[in-house]
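Written below as structure tokens is the structure these notes are about.
Just so you know, these numbers use all the heavy atoms, side chains as well, and skip hydrogens, waters and symmetry mates. Per chain, numbering begins at 1; letters A, B, ... match sequence-line order.
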Amino acid sequence: MIDLRTLREDPDRLRASQRARGEDDAVVDTLLDLDERRRSALTRFESLRAEQKSFGKSVSKAQGEEKAALLARAKELAAEVKAAEAEAEALGAELDELMQTVPNIVDEDAPHGGEDDYVVLETCGQPRRFDFEPRDHLALGELLDAIDMERGAKVSGSRFFFLKGVGARLQLGLLNMALQQAIANGFTPMITPVLVKPETMQGTGFHVAHDKEIYRLPEDDLYLVGTSEVSLAGYHAQEILNADELPLRYAGWSSCFRREAGSYGKDTRGIIRVHQFDKVEMFSYVRPEDSREEHRRLLAWEKEMLDALELPYRVIDTAAGDLGMSAARKFDCEAWIPSQGRYRELTSTSNCTEFQARRLAVRFRDKDGKPQHVATLNGTLATTRWIVAILENHQQADGSVVLPKALRPYVGLEVLEPPK
RNA sequence: GGUGGUGUCGCCUAGUGGCCGAGGGCGCACGCCUCGAAAGCGUGUGAUGGGGCAACUCAUCCGUGGGUUCAAAUCCCACCACCACCGCCA
């Protein structure tokens, strides 16, 4: 949620942001008008209510006929108060509903434009030259008896899979390595709920009612998270944190669930795009003025992981039109995928500034003792998809895969070999 | 799933329709006292929104949401969380 007071003082900022995202900036005028009407309705209600309260006093003191007369007037007043309150509430609800649909104000440094208008910030490592025809990750996964898509589909449908044997070990090792790195960098490891209440989902910036990505359990009014970011953002909801405990950094380990509606026919082979995967996610609560620096730190930690795994990748600065609801800026790291001859997203780090905190009411006390919203940020440290890059980039002609040194102790193997 | 109990300002607690427009204690902050501190004494002590340059002021908030009433922390209903016991089950 954006800040209403900022909007009143500087509506052009939101207009510019909306245009950068390629969205309608007329919403600004609608918001301002609604806000104005709500405030005057609220003032009307409040003065009526004050009158009612003082009037009620005289009723309790009066006796006999006088009391009866006062009671009659009091009843009228009560009705007026009720009507005024209802009006203020209705306008408040209307405003709130509209506010819920307004995305975060984008960072002015974010590139303008849509999905293809990203800016490549840097390229790290060189795509490897193969002296044989490299296999794709699924061919390797099947050869290694590590990935079983067919039985995944049998049991759960398309885009589900089993990780088996060295595949299971690889994922556990990878995620554990990520978690250990996070711990070394001061993060508190967390294993989070994967089912959350609607207000948690909504507060993080996902539309429970409209988002096509979300799995729902309507009978229980619970929602499967697409990332532990959701649970970690909700973790401190409704709290006022101590300024001296910031920044708070959590590393969440969870399964993630995505419906992938509308991506029919895209990435249908293998585990690039699946309904359920596992992820270690970094999540930071910081002072708003520290959020840009923290964003760079998260990016640096992502790169540390990718470097340790000896993967060639590039870093892109996502354009405004391709940012999610909550993000003011987003950097993605994309690893080279030899079988596709292109870079694919492995990590994504977003600076959500105070947007999520405002919705979830996560605050801290500033120097003057006043509560202020924190800024929240998130970034990927490892996911199931990374297996794709590891298998493909480190494969050998016989289908075996030489694990990068840093990963070996976590997997307990140096080379993944096809079973005899 | 069932039965019973509990839910008040950071913590503990008072409060069974108007004197609660929430009292007290602890904690915390400031002041007095002191060479300094402790103790003691005094003052203050939340959130949200509206108005105001400001001191300030008005409204809302007693788990959440409804309802009854001129008036609700207090009465009624539903829900949630926690505790205890019972039943069922990885």
Open item on the list: In this structure, how many angstroms lie between the C1' atom of B:A72 and the CD atom of A:E85, rounded?
Closed with: 14 Å

Could you give the side-chain donor-acceptor pairs of residues 188-205 of chain A under 3.5 Å, partners two or more places apart or in another chain?
residue, atom, partner, partner atom, Å
A:Q202, OE1, A:V208, N, 3.2
A:Q202, NE2, A:H207, ND1, 3.3
A:T204, OG1, A:T200, O, 2.7

Open item on the list: Parallel, tilted or perpendicular, judged at 30° and 60°: which one describes the rings of A:Y250 and A:H236?
Closed with: tilted

Open item on the list: For B:G65, give the paired nucleotide (Watson-Crick: N1-N3 plus N6-O4 or O6-N4; G-U: N1-O2 and O6-N3; both under 3.5 Å), or none.
Closed with: B:C77

Open item on the list: Tell me whether A:E260 is salt-bridged to A:R258, with the criterion being a basic N under 4.0 Å from an acidic carboxylate O.
Closed with: no

- [ ] Measure the spacing between CG of A:L7 and CG of A:L31 and express it to the nearest 0.5 Å.
- [x] 5.5 Å

Strictly under 3.5 Å: I want the nitrogen or oxygen pairs between protein and nucleotides 62-65 of chain B, one per line.
none

Task: A:D116: partners by salt bridge (Lys or Arg N to Asp or Glu O under 4.0 Å), with sequence neighbours left out - done: none

Open item on the list: Keeping A:D220 on the side-chain end and A:L222 on the backbone end, is there a donor-acceptor pair under 3.5 Å?
Closed with: no

Open item on the list: Any salt bridge linking A:R38 with A:D35? Criterion: basic side-chain nitrogen under 4.0 Å from a carboxylate oxygen.
Closed with: yes

Check the interface with nucleotides 45-47 of chain B: list each N/O to N/O pair with the protein under 3.5 Å, or write none.
residue, atom, partner, partner atom, Å
B:A47, OP1, A:R365, NH1, 3.3
B:A47, O3', A:R363, NH1, 2.7

- [ ] Check salt bridge (Lys or Arg N to Asp or Glu O under 4.0 Å) between A:R297 and all other residues, then give those that pass, not counting sequence neighbours.
- [x] A:E293, A:E294

Open item on the list: What I want to find out is whether A:D267 reaches A:R273 closely enough, with some N-O distance under 4.0 Å, to be called a salt bridge.
Closed with: yes

Distances under 3.5 Å between protein N/O atoms and the N/O atoms of nucleotides 50-52 of chain B, please, pair by pair.
residue, atom, partner, partner atom, Å
B:G50, OP1, A:R8, NH1, 3.0
B:G50, OP1, A:R8, NH2, 2.7
B:G50, O2', A:T43, OG1, 3.4
B:G51, OP1, A:R39, NE, 3.2
B:G51, OP1, A:R39, NH2, 2.6

